[in-house]
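Report on one structure; see the data block that follows.
Just the heavy atoms: all of them, side chains too, but no hydrogens, waters or symmetry mates, feed the values below. Just follow the structure's listing: the first ligand is 1, and inside any ligand the first atom is 1.
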Amino acid sequence: MREAQTEIVRGEDEAGIRRAGQILRDGGLVVFPTETVYGLGADALKDSAVRGIYAAKGRPSDNPLIVHIAGMEELPKLWQEVPSKLEELARRFWPGPMTVIGKKSRLVGDVVSGGLDTVAVRMPSHPVAKALIQAAGTPIAAPSANRSGFPSPTCFAHALADMEGRVEMIIDGGDCAYGVESTVLTLAQSPPRLLRPGAVTPEQLREVLTDLVIDPAVLEQLEEGQQAASPGMKYRHYAPKAHVVLVEGTPEQYQAFLEGRRGEAKAFALCFAEEAAALPLPNVSYGGREDGLGQARELFACLRRLDELGAGTVYAHCPDRAGVGLAVYNRLIRAAGFEVIRL
Ligand code: TXA
Ligand code: MG
C-alpha cells in the first residue's frame with residue numbers, strides 16, 4: 001500500500017482547491033465530496049495516476065471507474081460518439097446523480113475502463129466537485145472513497161477513516177445530499193440498460209428512454225459463471241463487518257419476528273424511524289418508512305454505526321422498492337449477501 005501525508009482542506013478554501021487541482025495534475029490522489037458519496041479522484045487520462053486509485057482502495061483492476069466532467073464539451077473527447085438520447089438525458093439529469101456508459105475514445109486508457117471498450121461518465125452537481133474538476137483542468141476518474149467492499153463514505157469523517165494516509169488530500173464538504181451512489185445506465189448497447197439504481201429513478205429515466213431495461217443483477221444474485229454487465233455487481237459490496245439479514249414483511253410481522261429474537265447476543269435491528277421505539281432489540285433507524293430519499297441518505301452511515309456498536313447480526317427491515325427505494329434495496333441486499341427472510 002502507498003503511504004502519503006494527507007492534507008485536509010475545507011470545501012470553501014479556494015486556495016486549497018487550487019492545490020488539489022495541482023495534486024491531480026501531478027498524478028496524485030484527492031478525496032472530494034459529491035452530491036452522492038465521497039469520491040477518490042485521479043487524473044482520468046493518466047494511467048499511472050489511475051493505478052493509484054486501485055491501490056488505495058484495494059479494488060480489483062477489472063472493475064472500471066467513472067470519469068467525472070464539469071461540462072458537456074468534455075464528452076466527445078471521451079466517447080467515440082455521443083448517442084442522440086444523451087442530450088435529453090443530460091438536459092434533465094446533469095449535473096447530478098446519473099452516470100452514463102458509452103463506447104470509449106482512444107484518449108481513454110485501459111486502466112480507467114478496467115479493460116472494457118466502454119467508459120462511464122458523470123457530471124456531478126456538487127460545487128466542490130465542479131470546482132475541483134475545473135481546477136485540475138482534466139476529467140477526474142473517481143470511485144467511491146471507501147476501502148473496497150465497505151459502505152461508501154457519505155460524510156467527511158467516513159472518508160477520513162477510510163483514506164487518511166493513502167491519498168495526498170481530503171476535501172471536507174460536509175454530508176452528502178443523496179447518500180447512495182449515482183444511477184448507472186449504459187447507452188453502449190441497445191436497448192439501454194440500467195446497471196445500478198440511484199437517486200435518478202427508472203421511472204424518471206423512462207420518460208426519455210422508453211425501452212430502458214433493468215439489468216437482472218440490480219435485484220438478484222448472479223448465478224455462478226454468469227457474466228456481470230457491470231463488473232462492480234459481482235463483488236460483495238456495501239458490507240459492514242456485521243452479518244446482515246434482510247427481513248421482508250409488514251411492520252407487525254417484523255415486530256413479531258424480532259420478538260422471537262429477543263435476547264439474542266449482539267443482535268440488532270436496522271429499522272424505520274416509526275418502528276424504533278417499540279422494537280425488542282437494540283436498533284438503529286434509517287429514515288421514515290415512506291421516505292426513500294431519507295433512507296438513501298442514512299443507510300451507509302447506519303451500517304457503519306452498527307459496526308461501531310458491535311453488532312453481530314443485523315435484522316434489516318426491507319424497504320419499499322419504488323422510486324429511490326430501488327437503490328436502497330439494491331444496496332441493502334448486497335450488504336446482506338442476498339440473504340432474505342420473507343415473512
Ligand atoms: O455516485 C457515484 O457514482 C460515485 C461518485 C464518487 O461519483 N462513484 C462511484 O463509483 O460509485 P464506483 O467505482 O464506486 O462505482 C461505479 C460502478 C461500479 O459498479 C462499476 O463496475 C460500474 O459503475 N462501471 C463503471 N464503468 C463501467 C463500464 N464501462 N461498464 C459497466 N459498468 C461500469
Ligand atoms: Mg463503490
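Between F272 and Y286, the ring center distance clears the sub-6.0 Å criterion.
Judged by distance alone, with hydrogens and angles left aside, the side-chain atoms of R297 form no donor-acceptor pair with the main-chain N or O of G179 at under 3.5 Å.
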Distance-only check: which donor-acceptor pairs under 3.5 Å involve side-chain atoms of residues 66-77, not counting sequence neighbours?
{"from": "H68", "atom 1": "ND1", "to": "I66", "atom 2": "O", "distance (Å)": "3.3"}
{"from": "H68", "atom 1": "ND1", "to": "I140", "atom 2": "O", "distance (Å)": "3.1"}
{"from": "E74", "atom 1": "OE1", "to": "K77", "atom 2": "NZ", "distance (Å)": "3.4"}

Output a table of donor-acceptor pairs, distance under 3.5 Å, between side-chain atoms of residues 300-313 and any protein atom two or more places apart or on a different chain; print 'none' if there are none.
{"from": "R304", "atom 1": "NH1", "to": "D162", "atom 2": "OD1", "distance (Å)": "3.3"}
{"from": "R304", "atom 1": "NH2", "to": "P151", "atom 2": "O", "distance (Å)": "2.7"}
{"from": "R304", "atom 1": "NH2", "to": "D162", "atom 2": "OD2", "distance (Å)": "3.0"}
{"from": "D307", "atom 1": "OD1", "to": "K241", "atom 2": "N", "distance (Å)": "3.0"}
{"from": "D307", "atom 1": "OD1", "to": "A242", "atom 2": "N", "distance (Å)": "3.1"}
{"from": "D307", "atom 1": "OD2", "to": "K241", "atom 2": "N", "distance (Å)": "2.7"}

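Counting only protein N, O or S atoms closer than 2.8 Å to the Mg ion (ligand 2) gives 1.
When the side-chain contact (heavy atoms from CB on, under 4.5 Å) test is applied to A145, the partners found at least two apart in sequence or on another chain are V31, Y38, L40, P153, M163.
Of the N or O atoms in T36, one or more lie within a sub-3.5 Å distance of an N or O in ligand 1. For ligand 1, the polar-atom distance check against R59 finds a nitrogen or oxygen pair separated by under 3.5 Å. Where the criterion is an N or O separation shorter than 3.5 Å, residue side chain and backbone included, S144 meets it with respect to ligand 1.
Annotation for ligand 1: atoms under 4.0 Å from non-hydrogen atoms of I101 are 27 (C), 28 (C), 29 (N), 30 (N), 31 (C), 32 (N), 33 (C). Near A120, the atoms of ligand 1 lying under 4.0 angstrom from a non-hydrogen atom of the residue are 25 (C), 26 (N). Heavy-atom proximity to L116, at under 4.0 Å, picks out these atoms of ligand 1: 28 (C), 29 (N), 30 (N). The N63 neighbourhood of ligand 1 comprises atoms 18 (C), 20 (C), 21 (O), with distances under 4.0 Å to a heavy atom of that residue. Those atoms of ligand 1 with a heavy atom of H68 less than 4.0 angstrom away are 5 (C), 6 (C), 7 (O). Shown in contact with I66 at under 4.0 Å from a heavy atom are these atoms of ligand 1, numbered in order with element: 3 (O), 8 (N), 9 (C), 10 (O), 16 (C).
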Trace of the side-chain contact (heavy atoms from CB on, under 4.5 Å) decision for T36 with C176: CA-CA 6 Å; T36 57; C176 300; over 6 Å; no

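Cation-pi geometry between R51 and Y54 is not met: the NZ or CZ atom fails to fall both under 6.0 Å from the ring centre and inside 45° of the normal.
In this structure, R19 pairs ionically with E7, as a charged nitrogen and a carboxylate oxygen lie closer than 4.0 Å.
Contact annotation for P143 and ligand 1: heavy atoms of both the backbone and the side chain come within less than 4.0 Å of the ligand. Neither the backbone nor the side chain of R193 has a heavy atom within less than 4.0 Å of ligand 1. The backbone and the side chain of T118 each have at least one atom closer than 4.0 Å to an atom of ligand 1 (non-hydrogen atoms only).
Among R196, K103, H126, the residue whose heavy atom sits closest to atom 15 (O) of ligand 1 is R196.
If you take CD on E274 and NE2 on H317, they are separated by 10.5 Å, rounding to the nearest 0.5 Å. If you take NZ on K57 and CG on N63, they are separated by 8.0 Å, rounding to the nearest 0.5 Å.
Heavy atoms of S113 come nearer than 4.0 angstrom to ligand 1 in no pair at all.
Looking at Q22 and R25, their side chains do bring a donor and an acceptor atom within 3.5 Å of each other. No hydrogens or angles considered: nothing links the side chains of E248 and Y329 as a donor-acceptor pair under 3.5 Å. For the residue pair E164/T6, the side-chain donor-acceptor check at 3.5 Å is not satisfied.
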